[in-house]
Amino acid sequence: PFQYTLPTNEWPNQLSAPTDKYFAGWLVGDTLMQPGDTITVTEDTIVKAAWAQDDYYVTVGGVGVNYQNAGNITHADNIIGNVSYDYATKTLTLENATIYSVYTGGTITTAIYTDYFNFNDTLTIHLIGNNTIYGDLFNGPATSSHRYAIDAKDLAFTGSGSLTVTASEADDASFYS
């Protein structure tokens, strides 16, 4: 047997990541390990680069959720409170959060949005404490599905918290599913 140190962070950067993926670590058997970890080799061992989803196809308050920010989704103007996303369970957790859906400069930001072409699961919104979504006045024809407070194919709510949705116009406070 001998000890082998998995290649460091510099080496994976030389690999070409598949589209919409990032280097998540080294897969040794069924165990995901990180660069710099040491393994004990006692027989022929296969070490593979492990790739994970980069873009989660979920947007909250105008912020695209990905592996880097999923644990703490923030935006100076559009998100207040604690918002996080678990990719494995497709669960968005709102903890005493306020999320703004706004129309600015020709761009409509839906408070919570899933990409219809790439997100094919049920989005679960787990509520903790008091949560609020504010829609804003849409200054154009009512033709865009991006004007809703929550826009997702399938939606489920869990938790003991509450969710209040308010808007300057009734149509802006809609759920689109």
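- Within the 4.5 Å cutoff, the side chain of Phe157 has no heavy atoms near those of the Thr124 side chain.
- With rounding to the nearest 0.5 angstrom, the OG atom of Ser162 is 10.5 Å from the CG atom of Leu94.
- A distance-only check finds a donor-acceptor pair linking the side chain of Asn96 to the backbone of Asn130 [under 3.5 Å].
- Nearest heavy atoms, Thr5 versus Gly36: CG2-O, 3.5 Å.
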**OP:** Might you work through the side chain to side chain contact (heavy atoms under 4.5 Å, CB included) test for His126 and Leu92, ending with a clear yes or no?
**Re:** CA-CA 6 Å; His126 184 73; Leu92 181 69; over 6 Å; no
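- Taking the side chain as every heavy atom from C-beta outward, Thr158 and Ile125 never approach each other to under 4.5 Å.
- Residue Phe119 holds its CZ atom at 11.0 Å from CG of Asp55, rounded to the nearest 0.5 Å.
- The side-chain hydrogen bond (donor to acceptor under 3.5 Å, both in side chains) test with Lys153 singles out one residue from Asn120, Asp121, Thr122, and that residue is Asn120.
- When atom types are taken as modelled, the side chain of Trp26 and the backbone of Thr31 share no donor-acceptor pair closer than 3.5 angstrom.
- Residue Lys48 holds its NZ atom at 13.0 Å from CG of Leu32, rounded to the nearest 0.5 Å.
- Tracing side-chain contacts under 4.5 Å through hydrophobic residues (I, L, V, M, F, W, Y), one reaches Phe2 starting from Leu6; they form part of the same cluster.
- Residues Leu127 and Thr93 form no side-chain contact, since every pair of their non-hydrogen atoms from C-beta on lies 4.5 Å or further apart.
- Summarising the geometry of Ile39 relative to Met33, their closest heavy-atom pair is CG2-SD, 3.4 Å, with the distance given to 0.1 Å.
- Here the closest non-hydrogen pair linking Pro35 and Pro7 is CB-O, 2.9 Å.
- Counting all heavy atoms, side chain and backbone alike, Ala97 lies closest to Asn82 at CB-O, 3.9 Å.
- Side chain of Asn69 to main chain of Asn66: a donor-acceptor pair is present (N/O by atom type, distance under 3.5 Å, no hydrogens or angles).
- Contact record, Ser84 with Gly71: CB-O, 3.5 Å, taken as the closest heavy-atom pair.
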**OP:** Given side chain to side chain contact (heavy atoms under 4.5 Å, CB included), test Thr59 with Val65 step by step and report yes or no.
**Re:** CA-CA 6 Å; Thr59 303; Val65 180; over 6 Å; no
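- The only option from Tyr22, Phe23, Trp51, Tyr87 that meets the ring pair (Phe, Tyr, Trp, His ring centres under 6.0 Å) definition with Tyr67 turns out to be Tyr22.
- Here the OH-CD1 distance, from Tyr85 to Ile112, works out to 11.5 Å after rounding to the nearest 0.5 Å.
- Two residues are said to be in side-chain contact when any heavy atoms from C-beta on lie closer than 4.5 Å; Glu43 and Val41 fail this criterion.
- Under the 4.5 Å side-chain criterion, counting only non-hydrogen atoms from C-beta, Thr74 is not in contact with Val63.
- Contact of the Thr45 side chain with the Val28 side chain is registered, since non-hydrogen atoms from C-beta on lie closer than 4.5 Å.
- With contacts defined as side-chain heavy-atom distances shorter than 4.5 Å, the pair Tyr4/Thr38 does not qualify.
- Of all heavy-atom pairs between Ala111 and Ile133, the closest is CB-CG2, 3.4 Å.
- At a threshold of 4.5 Å between non-hydrogen side-chain atoms, the residues Ile99 and Asn78 do not count as touching.
- A distance of 4.5 Å separates OH in Tyr57 from CG in Asn118, rounded to the nearest 0.5 Å.
- With hydrogens and angles left out, the side-chain atoms of Thr91 and Asp86 include no donor and acceptor closer than 3.5 Å.
- By the rule that hydrophobic residues join a cluster once side-chain heavy atoms approach within less than 4.5 Å of another member, Tyr56 and Leu155 end up as members of one cluster.
- No side-chain donor-acceptor contact under 3.5 Å links Glu95 to the backbone of Asn131.
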